[in-house]
Asks: 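Sharing a structure here in structure tokens format.
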Number of protein chains: 2
Amino acid sequence: MDVGTRLQTIRRLKGLSQRELAKRAGVTNSTISMIEKNSVSPSISSLKKVLAGIPMSLMEFFSMDMEQDRHAQVVYKAGELLDISTGSVSMKLIGKAHTGRAIAFLDETYPPGADTGEEMFVHDGEEAGVLIEGRLELTVGSQTYLLECGDSYYFDGSQPHRLRNPFDQPARLISATTPANF
Amino acid sequence: MDVGTRLQTIRRLKGLSQRELAKRAGVTNSTISMIEKNSVSPSISSLKKVLAGIPMSLMEFFSMDMEQDRHAQVVYKAGELLDISTGSVSMKLIGKAHTGRAIAFLDETYPPGADTGEEMFVHDGEEAGVLIEGRLELTVGSQTYLLECGDSYYFDGSQPHRLRNPFDQPARLISATTPANF
DNA sequence: TCCAAGCGTTGAAAATATTGCACACTCTGG
DNA sequence: CCAGAGTGTGCAATATTTTCAACGCTTGGA
């Protein structure tokens with residue numbers, strides 16, 4: 001996706017006209033028109049000015065450029081997942097049929113008091129997760145974090161890590177780890 | 001951190017001279033000099049050419065951490081995620097600081113009527129997800145599935161795919177894709 | 001020592017981006 | 001039906017960036 005089309009998409013998403021955005025950004029409407037039609041390649045400074053009127057940073061702007069990825073047995077019903085629970089922590093592996101898998105995608109439930117254990121996990125690859133219910137305590141290396149609903153994490157699997165639920169509400173976590181180590 | 005200084009830092013990190021980079025990029029050494037001294041604000045097209053000589057994408061360039069401790073960030077508060085939404089679909093990238101990431105881990109919200117688009121996505125790697133709220137319609141290849149709350153999916157990214165919310169309730173999806181292509 | 005090859009910088013010319021203004025078009029209200 | 005305010009586009013003038021061709025500097029080898 002080119003710069004012009006991307007700018008136009010974002011501008012329309014925000015419900016702004018070329019002139020309105022131009023006024024906010026402190027440039028002329030012609031500039032916006034030219035950029036959107038890709039008849040010029042704006043300078044960083046002017047693109048930055050334009051984006052300030054949205055407002056949006058250069059990083060955010062260029063981060064949108066990926067060809068978005070959405071998208072065997074493909075779909076699994078909630079009760080159909082492979083249970084790989086250890087101890088009191090319930091872990092459901094999404095996509096049980098995929099053996100040479102690239103991602104270990106888990107739906108984990110931590111009842112009050114649950115703990116992944118004293119010895120911390122170490123593995124290759126990277127790990128990400130988001131907490132969608134309750135609260136959890138995450139330890140990575142020597143740091144301990146409190147995760148609240150909606151919070152997420154991303155770290156290198158070579159760092160030892162551990163999850164614990166010292167609270168009195170169950171917690172639900174969606175996590176992805178790569179490469180799959182099952 | 002300004003564009004010029006950032007470019008210079010990256011160039012030196014790669015052990016390239018202005019002239020060497022200029023040659024690879026297909027611009028003149030003066031251009032590099034001017035940009036690095038911030039005596040001009042390069043056009044997107046020329047910055048893109050310059051970065052191609054490194055090689056590096058515009059997104060990577062602007063996403064580069066300036067604060068070292070960003071590398072160490074493990075936990076992200078809910079509002080702190082990088083928004084990479086396209087169209088009406090809200091997508092939050094978990095772990096914004098990780099550039100050479102192995103997983104694209106996203107928290108996505110599909111309002112009623114939202115759609116990833118007519119042309120279906122295709123990419124390398126694999127993709128997994130779990131629906132934690134609402135209902136969604138998933139199309140993979142020629143098959144269309146109805147996802148309900150708690151349902152999940154796992155498939156190869158080489159199959160064209162698309163997500164749609166034809167229902168009147170918003171849907172929230174947690175997804176992981178590998179390799180990360182942004 | 002001197003030369004050749006590398007480095008980054010700089011001024012004037014060429015190329016490109018931005019402005020200022022006008023145009024054609026689509027609405028909406030009178 | 002027209003007037004007025006909105007939209008995006010296009011063109012000549014202006015401002016900025018990029019190139020070309022130097023310059024002075026440092027380094028390493030003959």
Side-chain angles (χ1 to χ4, degrees), chain A residues 1-65, chain B residues 1-64 66 85-88 113-115 117-119:
Chain A
M1 200 183 196
D2 55 86
V3 171
T5 311
R6 202 176 325 167
L7 177 60
Q8 185 168 78
T9 304
I10 293 166
R11 176 176 62 79
R12 289 187 169 151
L13 215 62
K14 297 289 179 176
L16 295 171
S17 70
Q18 288 184 348
R19 290 170 132 91
E20 176 62 23
L21 175 55
K23 203 174 68 181
R24 296 192 191 195
V27 300
T28 62
N29 58 305
S30 323
T31 303
I32 310 275
S33 175
M34 302 285 221
I35 294 173
E36 291 188 356
K37 291 169 63 58
N38 289 305
S39 50
V40 297
S41 176
S43 69
I44 298 292
S45 59
S46 57
L47 181 58
K48 193 172 174 183
K49 270 204 287 187
V50 169
L51 294 178
I54 288 187
M56 173 178 267
S57 73
L58 285 163
M59 170 183 159
E60 288 170 311
F61 181 76
F62 286 109
S63 300
M64 276 178 120
D65 84 332
Chain B
M1 201 178 196
D2 55 85
V3 170
T5 310
R6 199 179 319 183
L7 177 60
Q8 186 168 77
T9 304
I10 293 166
R11 176 175 62 80
R12 290 187 169 150
L13 217 60
K14 297 287 180 177
L16 295 171
S17 71
Q18 288 185 348
R19 285 167 197 268
E20 177 63 24
L21 175 56
K23 203 174 67 183
R24 296 191 191 194
V27 300
T28 63
N29 56 306
S30 327
T31 303
I32 310 277
S33 176
M34 302 285 224
I35 294 174
E36 290 189 356
K37 291 169 60 59
N38 288 305
S39 51
V40 298
S41 177
S43 70
I44 297 292
S45 59
S46 55
L47 182 59
K48 191 173 175 183
K49 269 204 289 189
V50 168
L51 294 178
I54 289 187
M56 174 178 267
S57 72
L58 285 163
M59 183 210 152
E60 288 169 312
F61 181 76
F62 287 109
S63 303
M64 276 215 22
M66 347 208 160
S85 305
T86 54
S88 60
D115 191 340
E118 196 76 39
E119 336 105 49

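Quick caveat, the model's predicted, so the values are computed rather than measured. All values below come from the heavy atoms of this structure, side chains included, with hydrogens, waters and symmetry mates left out. The sequence lines fix the lettering, A, B, ..., with proteins before strands; numbering per chain opens at 1.
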Asks: So, B/Ser33 and B/Ser30: side-chain donor and acceptor under 3.5 Å apart, yes or no?
Replies: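 Not at all, the side chains of B/Ser33 and B/Ser30 share no donor-acceptor pair under 3.5 Å.
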Asks: What's the NZ-C1' distance between A/Lys49 and D/dA15, to the nearest Å?
Replies: 11 Å
Asks: List the protein contact pattern of nucleotides 7-13 of chain C with one symbol per nucleotide (5' to 3'): B for base contact, S for sugar-phosphate-only contact, - for none; contact means a heavy-atom distance under 4.0 Å.
Replies: BBBB---
Asks: Are the side chains of B/Leu58 and A/Leu58 in touch, meaning some heavy atoms are under 4.5 Å apart?
Replies: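 B/Leu58 vs A/Leu58: side chains apart.
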Asks: Under 4.0 Å between a side-chain N/O of A/Thr28 and OP1 or OP2 of C/dT19, yes or no?
Replies: yes
Asks: Return each pair, listed once, that meets salt bridge (Lys or Arg N to Asp or Glu O under 4.0 Å) where at least one residue sits in residues 36-47 of chain B; pairs must be two or more places apart or across chains.
Replies: B/Arg11-B/Glu36
Asks: If I compare all heavy atoms of A/Ser43 with all of B/Ser41, which pair ends up nearest, and what's the gap?
Replies: CB-O, 3.2 Å
Asks: Could you check how far CG of B/Leu47 sits from P of D/dT18, rounded to whole Å?
Replies: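 One finds 9 Å between P of D/dT18 and CG of B/Leu47, rounded.
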Asks: From CG of A/Leu21 over to P of C/dT18, roughly how many Å is that when rounded to an integer?
Replies: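 Value for this atom pair: 14 Å.
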Asks: For the side chain of B/Asn38 and the backbone of B/Gly4, is there at least one donor-acceptor N/O pair under 3.5 Å apart?
Replies: yes
Asks: In whole Å, what is the span from the CD1 atom of A/Ile35 to the C1' atom of C/dT16?
Replies: 13 Å
Asks: Where do A/Phe61 and A/Val3 come nearest, in terms of heavy atoms and distance?
Replies: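 So the two residues come closest at CZ-O, 3.8 Å.
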Asks: Taking NZ from B/Lys48 and P from C/dT16, how many angstroms apart are they, rounded to a whole number?
Replies: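 Value for this atom pair: 17 Å.
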Asks: In whole angstrom, give the distance that lies between atom CD1 of B/Ile44 and atom P of D/dT17.
Replies: 13 Å
Asks: Using a cut-off of strictly less than 4.0 Å, decide whether B/Ser43 has a side-chain nitrogen or oxygen near OP1 or OP2 of D/dT18.
Replies: yes
